[in-house]
Q: 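Structure below; questions to follow.
Lettering of chains follows the sequences in order, A, B, ..., and the numbering in each one begins at 1. All values below come from the heavy atoms of this structure, side chains included, with hydrogens, waters and symmetry mates left out.
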Amino acid sequence: MLYNFPMTDDGGLRIGELSRRAGISPALLRAWERRYGLVHPTRSAGGLRLYSPADVERVRLMRQHLAEGLAAAEAAALASRAAVGEAADPAALHPATARDELADALDRFDEPRAQAILDRVLAVATVDTLLTDVLLPYLHELGERWTRGETSVAQEHFASSVLRGRLLGLARGWGQGLGPVAVLACLPGEQHDLGLIAFGLALRAQGWRIVYLGPDTPIDTLEDASRRVEPSLVVLSAVTDERVRPVVEQLRGLAARYRLALGGGAAANGALAAGGVLELTGDPIAEATRVTALARDAAAGGEETE
Amino acid sequence: MLYNFPMTDDGGLRIGELSRRAGISPALLRAWERRYGLVHPTRSAGGLRLYSPADVERVRLMRQHLAEGLAAAEAAALASRAAVGEAADPAALHPATARDELADALDRFDEPRAQAILDRVLAVATVDTLLTDVLLPYLHELGERWTRGETSVAQEHFASSVLRGRLLGLARGWGQGLGPVAVLACLPGEQHDLGLIAFGLALRAQGWRIVYLGPDTPIDTLEDASRRVEPSLVVLSAVTDERVRPVVEQLRGLAARYRLALGGGAAANGALAAGGVLELTGDPIAEATRVTALARDAAAGGEETE
Amino acid sequence: MLYNFPMTDDGGLRIGELSRRAGISPALLRAWERRYGLVHPTRSAGGLRLYSPADVERVRLMRQHLAEGLAAAEAAALASRAAVGEAADPAALHPATARDELADALDRFDEPRAQAILDRVLAVATVDTLLTDVLLPYLHELGERWTRGETSVAQEHFASSVLRGRLLGLARGWGQGLGPVAVLACLPGEQHDLGLIAFGLALRAQGWRIVYLGPDTPIDTLEDASRRVEPSLVVLSAVTDERVRPVVEQLRGLAARYRLALGGGAAANGALAAGGVLELTGDPIAEATRVTALARDAAAGGEETE
DNA sequence: ATAGGTTTTGTCAAGCTTTTGTACAT
DNA sequence: ATGTACAAAAGCTTGACAAAACCTAT
C-alpha cells in the first residue's frame, strides 16, 4: 500500500506501467518505437515489451522536447542521441551507482536494502573509497537537497541513523593499537557527527588510535578527556562558525597544550584563524593523510631535538 | 514468587499440576513428549511423570511459539533447542561481572577492552540478556553516578558513543521482514537515544520491523515518516517531561491516527496522561513483550469485526 | 484461529502462517514458487512447505515491487536477485552457531550465504572475535576433517578461496599509516596462507603496517623486500617443519638483521630453536598482542638508550 | 482506434495426504 | 499410564479458468 508510486527503479517495465508513469498512451509508445526507434524494449518469453531504465529516460526526454515545441521526429532524434548509458552490469557496482541506489533505498526508509548496498560496496572497496566516493558525496547531496527543500527532514534523520550505525560499526576497535591518539569531538551544540566519524575512520586507516566523544561536547569535557589520554591531536567539528564563537577563548587555551584541528563547515569560514589551529577544509581522507604526515614530521623533529 | 501452590518441593511436578499451570491438557503434554521429545520427566517409583523446571520452561516456550503461529513440530524443535543453551557454562562471564568490567573499561577510555567484553558477553548470552543484565543496568548506574557528580561528562560521552555503535550494529537489518512496523524517535530536544535503541532491539526480537529516526526529531518529521510507512506503532522517548510539554497538542493529533507510546523518564511522570498514549514505564524487554501482546490483540480484535 | 499476527523469528513457517503474515493467499505463494522460483521452502517429512526467514524477506520484496507497478515476473526476478542476507536473527549470532552455519554453507558451495553469515558476524562483533571464535576454529576443523578424509579437496579449495577473498577484503589498506612495518610471508613450498593473513589482520588491529608477500616465498625475495621496507618484524609461516629445514641457514642470516617470528605448525615443533626467533604457538590474536607489547618495549628501550 | 488473438497472473476445485489435538480402551 | 484410533484443520498436486494486460494488423 505504501510504496505505490513511480520510481526510477530498475527492472523491466511493461508497457502499461511505463504508460502510466510517463503519461503516454501505450499505442503512442509503440508508434514511437516503430517510427523513430526511440526505445528498444526487450521481450518477455511471450513477446511482451519490457522497457529498461534507459528507455524510460528516453521517453522522458522525448516528452520534454515535445513540450518545448519540437516536432516529434526531431524530439525523438534528440532523445535517442542523448545516448543514455544502457543499464550497466548489475554485478559491478560503480561507486556512483552505489550512491544513487543508496540514496534511493534511504529515501524509501528501506534499511535492509541500504545495508545490503553498503555490504556490496565494502566487498570490493576500501573504507576510504566507501567514504570518498559513496558516503561523503551522498551526505553532501543530502545536505543540498535539504536546503532546496527537496527532501523531508524525516528522510534525513533516518539516513543519518542508518549511516551512523554503519560507520560506528566500522569504527569498532579504533581505539586499539600503538599509533598516536586523537581525541574527536563535536563542539557544544553541534549535533552533526557523521563527517567527524568519517574523519576518524580515515585517521584510523592511517594508524591512529581514536577516542571519540561524540556530538555536543562541552569544552570542559574535552579538556578532561584530553588530560587523561594525552592525545597527539584533538579534532573538533562544527558545521557553522556560530558554534565556534562562544568558545573561542577556551579553545585558545586548549590549543596551548594540544595540537588542535577544526573540521566541518566552520573550518572553511576561517572561524578560528591563527592560534596554530589546523583547519581541515578538504575532504576527510586527504586531510587525514595530511595530518598524519604532519604528525610524522613532528615526531621525527621531536626525536631529533632530544 | 510463584510456587505458592502444591509442590513436591524440588522433586518435580506431576502431570496434573503442570497441566493446570501451563493450561495444556495432560493428554497433549504426553503427546508432545512422545512425538517431539519436548520434555523428559523422570518417573516416580510408581511410574508417574515428574517434570523438572527445565521441562516447565520448555512447555512455556512451546506454548509461546505456538501462539506465534509456528507449527507444533517447529515450535517443539525451537523450544528444545533453546532450552539446551539454558544450561550455559556458569564459568563464562557473569553479567554482573561483565557490567563492572565494562564500566571500568569505559571509565578509562579503553575502547578495545570494552568491545572485547561485549564480544565475550554476546558469545554466551542473547541480546536480551545483554540489554537486561548488562547494558541497561550500566546506563542506569552511569546516570546515577552522573547526577551524583561522580563521573565526568567526558566519560559519559565516550561511553555513549561506544555503546551506540555497538547497539546500532546489533540493529543492522532490523527493518527487514514482514512484521508490523514501529517508528521510533526521540522528542525534539532529546539527545539520549540509547534507551530507545535498546527498546527497538527488544521490539525487533519480538518480530517488529523498526524505522528509527534518531534523537531530536521534530514532530513534523515524525508525521511525515509515519505517513510513508504507516506504522502499527509510534514510539517516542524523552528523559524529562520538559520535552513533552511543548508538543503535547501535536502529539494528541498524532495519537488520533497512530498508536502512540512514550518511553523514558517522561513516561514515568505521566507527562502525557490520557489520550490513549501507552506509557512505557517498565524495563524495555518487558514493555516490548507487553506492547506486542497488545498489538496482537488489536489485530485479532480487528479481524473479528470484519 | 486468531493469532494472525506476525511476531517473532524463524524456525520454518508453514504456508498458512506465511500467508497470513504477508497477506498473500497460499495458492499465490505456491504459484510464485512454481512460476518464478521466488522461494525455496524446505519440506517437512510429510512434504509440507517450511519457509525460511530469507523466503519471508523475498516475499516482502516481491510485494513491494508489485506495489511499485512491476509485472510479477519482473518483480520476482528482482526480489530473487536481491541476495537477501540471512534475516537478522539474534539467536544465530553466537560464534559457535556462526561457525557451524559457515561450515554448512561452504560445504554446499553456497558462497552468497557464507558471505551473508560473515557480514552478520561482523555486524555484531569485532574482527578479532571473528577470527578467534569463527574463522580460525573453522579452519582448524576443516584441517582435521581433511586429514580424516571427511572432506573433499574441492570443498577445501572452495572454502579457502572464499575465505581468502574475504580476509584480503578486510586487509585492504593494511599497508597504510604510521605504525611499525611487519613483512609477512609463507616459507618456500608452503601454500597455506590463511593463518598468516589472519595473523596479519590481528597485527593490523594493533596498528602495524603490513607488507604481505603471500604463499611460497623464496628467502631471496624475502630479503629483498626487507631491505626495501626495513620492517620492525618479519613473520614467516609454515605448517610443517619440513619447510623450515632446507632454509634454516638462510633464516639465521636473516635473523641477524631483522626481528624474526615463525608461526604455524612448524613453530609448535620448535623447528627453529634458538637464534632469537620468536615462536608464535598460541592463537594469532594473543600472539599479535604479545608481539606488539614486545615491539613497544623495544621501542621504549631503544629510545632510552639514545 | 478497433478487432481478434495471445500472454500473464491470480484464483479455484477435486482428490488425497499430513499434522495434531482429543478420545477411548486396556 | 500407555497405545491406538479418529477427525478436524491444514497442506499438497494437478489442471483448469478467467480477467486484465498485451500483441499485431487493419
Q: Specify the separation, in whole Å, of atom CG of L50(A) and atom P of dC22(E).
A: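 Answer to the nearest Å: 10 Å.
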Q: Any side-chain N or O of Y36(C) less than 4.0 Å from the OP1 or OP2 oxygen of dT9(D)?
A: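 Affirmative; the distance criterion is met.
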Q: Between S44(A) and dT8(D), is there a contact of a side-chain N or O with OP1 or OP2 at under 4.0 Å?
A: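 True: S44(A) side-chain N/O within range (under 4.0 Å) of dT8(D) OP1/OP2.
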Q: Rounded off to whole Å, could you give me the CZ-to-P distance for the R21(A) and dA21(E) pair?
A: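 My rounded result for the distance is 15 Å.
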Q: Specify the residue among A27(C) and W32(B) whose closest nucleotide of DNA chain D lies further upstream toward the 5′ end.
A: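 Of the two residues, A27(C) wins.
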Q: Of the nucleotides dT7(D), dT22(D), dT24(E), which one has an atom closest to the side chain of L48(A)?
A: dT7(D)
Q: Check every atom of dT22(D), dT11(D), dA1(E) against the side chain of R30(B) and return the nucleotide holding the closest atom.
A: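 Minimum distance to the R30(B) side chain belongs to dA1(E).
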Q: Closest approach to the side chain of I15(C), judged atom by atom: which nucleotide of dC12(E), dC22(E), dT20(D) is it?
A: dC12(E)
Q: Below the 4.0 Å mark, does dT9(D) have OP1 or OP2 next to a side-chain nitrogen or oxygen of R14(A)?
A: yes
Q: So, are D104(A) and R113(A) salt-bridged, with charged N and O less than 4.0 Å apart?
A: yes
Q: Answer yes when R63(A) and E68(A) have at least one side-chain N-carboxylate O distance shorter than 4.0 Å, and no when they do not.
A: no
Q: Would you mind checking if R30(A) and E33(A) are paired as a salt bridge, meaning a charged N to carboxylate O distance below 4.0 Å?
A: no
Q: May I have the distance from R63(C) (atom CZ) to dT9(D) (atom C1'), rounded to whole angstrom?
A: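 The distance from CZ of R63(C) to C1' of dT9(D) comes to 17 Å, rounded to the nearest Å.
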Q: When you measure from the side-chain N and O atoms of R49(C) to the phosphate of dC12(E), is any distance below 4.0 Å, counting only OP1 and OP2?
A: yes
Q: Separation of L29(C) atom CG from dC12(E) atom C1', in whole Å?
A: 14 Å
Q: Hey, are E57(B) and R60(B) close enough for a salt bridge, meaning a charged N less than 4.0 Å from a carboxylate O?
A: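 Answer for the salt bridge query: yes.
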Q: Return the value, rounded to whole Å, for the distance between atom CZ of R34(C) and atom C1' of dG15(E).
A: 10 Å
Q: Does R43(C) place a side-chain N or O at less than 4.0 Å from the phosphate oxygens OP1/OP2 of dT17(D)?
A: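 R43(C) to dT17(D) OP1/OP2: no side-chain N or O under 4.0 Å.
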Q: Roughly, in whole Å, what's the span from CD in E17(A) to C1' in dT8(D)?
A: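 These atoms are roughly 15 Å apart.
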Q: What is the distance, rounded to the nearest whole Å, between atom CZ of R35(B) and atom C1' of dT18(D)?
A: 11 Å
Q: For A73(C) and M62(B), find the nucleotide of DNA chain D closest to each by heavy atoms; which residue's nucleotide sits nearer the 5' end?
A: A73(C)
Q: Does atom CZ (R290(B)) have a neighbourhood of more than 12 heavy atoms from anything else shown, all under 6.0 Å?
A: yes
Q: Whole angstrom is fine here: how far is it from CG in L28(C) over to C1' in dA19(E)?
A: 15 Å
